[in-house]
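Below you'll find the structure, written out as structure tokens, and then a few comments.
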Amino acid sequence: MKEKVKIAVFASGSGSNFAALENACREGELNAEIALVMTDKPAAFVVERAKQAAVRVVAVEPKAFPTKKAFEKTVIDILRQAEVEWIVLAGYMRLIGPDLLAAFPSRIVNIHPSLLPSFPGKDAIGQAIAHGVKVTGVTVHLVDEGMDTGPILAQEAVRVVDGNTEMTAQSIHAIEHVIYKETLQKLFVANAIN
Ligand code: GAR
């Protein structure tokens, strides 16, 4: 695979997964170029991280639009102009709507901090702790119209640390930062061949 795959990383939060992916691109572990970071939260820490890494940031807030359709049309136009091929969700806490899905069919990937289909939605780690499970994990999957549904590409189990949310989150993030770049690289290679 010669050409670098152009990706947009969508994020709403701290952006540690963005940082791991950006590092993997620079180190040549992920044959991709992050064309831009798309955020729905202009004050999110991911914006600082992207600026530090000299990656373009685009903030588009849904509340600035009358409908989800209008919001997604703007997002799609920006992605098309930047010639983005894949959307990589990295802590993007918003459901992808039908227009964006149709514009990038089977080309939107998500990472989620649980062994799906357990604990979808917000605060998956808190849900796992509250449920008292002893093992949770990380899932990478293709995005469909559901909330954290869609075909599973990779999963890894993570032991819950004594009901401790903070320590369990640390273990989960450490796994996420490895599994995401590896899974994306395999996906991009497979799609370049097919
Ligand atoms: C990650 O743990 C990711 O799996 C989760 O948000 C966190 C973002 O961390 N995503 C979801 O819960 C999606 N439903 P980060 O901002 O440090 O990358």
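- The hydrophobic clustering, which links ILVMFWY residues whose side-chain heavy atoms are closer than 4.5 Å, places Val161 and Val138 apart.
- The heavy-atom pair separating Asn31 from Gln185 by the smallest distance is N-OE1, 2.8 Å.
- Hydrophobic clustering (ILVMFWY, side-chain heavy atoms < 4.5 Å, transitive): Leu79 and Val88 are in distinct clusters.
- Between Ile152 and Leu116, the shortest heavy-atom contact is CD1-O, 3.8 Å.
- Residue Asp77 forms a side-chain hydrogen bond (donor to acceptor under 3.5 Å, both in side chains) with just one option from Gln81, Arg80, Lys73, and that option is Lys73.
- With Thr139 contributing its side chain and Ser114 its backbone, the two residues share a donor-acceptor pair below 3.5 Å.
- Inter-residue side-chain proximity for Ile87 and Leu100 is flagged as met; some heavy-atom pair is nearer than 4.5 Å.
- Across every non-hydrogen atom of Val84 and Phe104, the tightest pair is O-CE2, 3.4 Å.
- Of the inter-residue distances, the one linking Asp123 atom CG with Met93 atom CE reads 8.5 Å to the nearest 0.5 angstrom.
- Taking CG from Leu184 and CD1 from Ile179, the interatomic distance works out to 10.5 Å, rounded to the nearest 0.5 Å.
- Looking at heavy atoms from C-beta onward, Ile108 lies in side-chain contact with Leu101 at the 4.5 angstrom threshold.
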#### Entry: Stepwise side chain to side chain contact (heavy atoms under 4.5 Å, CB included) test for Glu3 and Glu33
CA-CA 10 Å; Glu3 292 282 307; Glu33 174 195 335; over 6 Å; no
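- Between Val158 and Val135, the closest side-chain pair of non-hydrogen atoms is not below 4.5 Å.
- By the salt bridge (charged side-chain N to carboxylate O under 4.0 Å, His left out) test, Arg159 pairs with no residue at all, sequence neighbours left out.
- Minimum heavy-atom separation, Phe71 to Pro62: CD1-CA, 3.7 Å.
- Leu187 and Ile96 fall into different hydrophobic clusters, where Ile, Leu, Val, Met, Phe, Trp and Tyr side chains are chained together by heavy-atom contacts under 4.5 Å.
- Remark: side-chain polar atoms of His131 are not paired, donor with acceptor, to backbone N or O of Gln127 under 3.5 angstrom.
- Aromatic ring pairs are classed by plane angle as parallel below 30°, tilted from 30° to 60° and perpendicular above 60°; the pair Tyr92 and Phe10 is perpendicular.
- Here Lys181 contributes atom NZ and Leu21 contributes atom CG; the two are 9.0 Å apart, rounded to the nearest 0.5 Å.
- For the atom pair OG (Ser12) and CG (Leu89), the distance works out to 9.0 Å, reported to the nearest 0.5 Å.
- Without hydrogens or angle criteria, Asn23 side chain to Ala19 main chain gives no donor-acceptor distance under 3.5 Å.
- With a 4.5 Å cut-off on side-chain heavy atoms, Cys25 and Ile34 count as touching.
- Here the straight-line distance linking atom NE2 of His177 with atom CD1 of Ile111 works out to 8.0 Å at 0.5 Å rounding.
- Nearest heavy atoms, Pro42 versus Val47: O-CG2, 3.6 Å.
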#### Entry: Candidate pair Phe119 and His112, rule ring pair (Phe, Tyr, Trp, His ring centres under 6.0 Å), full reasoning
CA-CA 9 Å; Phe119 312 128; His112 185 76; 9.1 Å; no
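- The pair Glu85-Lys6 does not meet the salt-bridge criterion, since no charged nitrogen lies less than 4.0 angstrom from a carboxylate oxygen.
- A salt bridge is defined here as a Lys NZ or Arg NE, NH1 or NH2 lying under 4.0 Å from an Asp or Glu carboxylate O, and Arg26 with Glu22 meets this definition.
- Considering all non-hydrogen atoms of both residues, Pro120 and Pro117 come closest at CD-O, 3.6 Å.
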### Criterion side chain to side chain contact (heavy atoms under 4.5 Å, CB included) on Val140 and Asn110, from CA distance to verdict
CA-CA 6 Å; Val140 179; Asn110 184 41; over 6 Å; no
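- Scanning for salt bridge (charged side-chain N to carboxylate O under 4.0 Å, His left out) contacts around Asp144 gives an empty result, with sequence neighbours left out.
- In this structure, the side chains of Asp162 and Met167 stay at 4.5 Å or more apart for every pair of heavy atoms.
- Within the model, atoms CD of Glu156 and OG of Ser171 stand 11.0 Å from one another, a figure rounded to the nearest 0.5 Å.
- Neither Val60 nor Val55 shares a network with the other; the hydrophobic side chains, linked directly or stepwise wherever heavy atoms of I, L, V, M, F, W or Y lie under 4.5 Å apart, form separate groups for each.
- Under the 4.5 Å side-chain criterion, counting only non-hydrogen atoms from C-beta, Met147 is in contact with Leu95.
- Counting heavy atoms from C-beta outward, Asp99 and Ile76 have side chains that approach closer than 4.5 Å.
- At a threshold of 4.5 Å between non-hydrogen side-chain atoms, the residues Val75 and Met38 count as touching.
- Both Tyr180 and Ile172 belong to a single network of hydrophobic side chains, linked directly or stepwise wherever heavy atoms of I, L, V, M, F, W or Y lie under 4.5 Å apart.
- No donor-acceptor contact under 3.5 angstrom links the side chains of Arg49 and Ser16, judged on distance only.
- Checked by atom type and distance alone, the side chain of His141 never pairs as donor or acceptor with a backbone atom of Val109 at under 3.5 Å.
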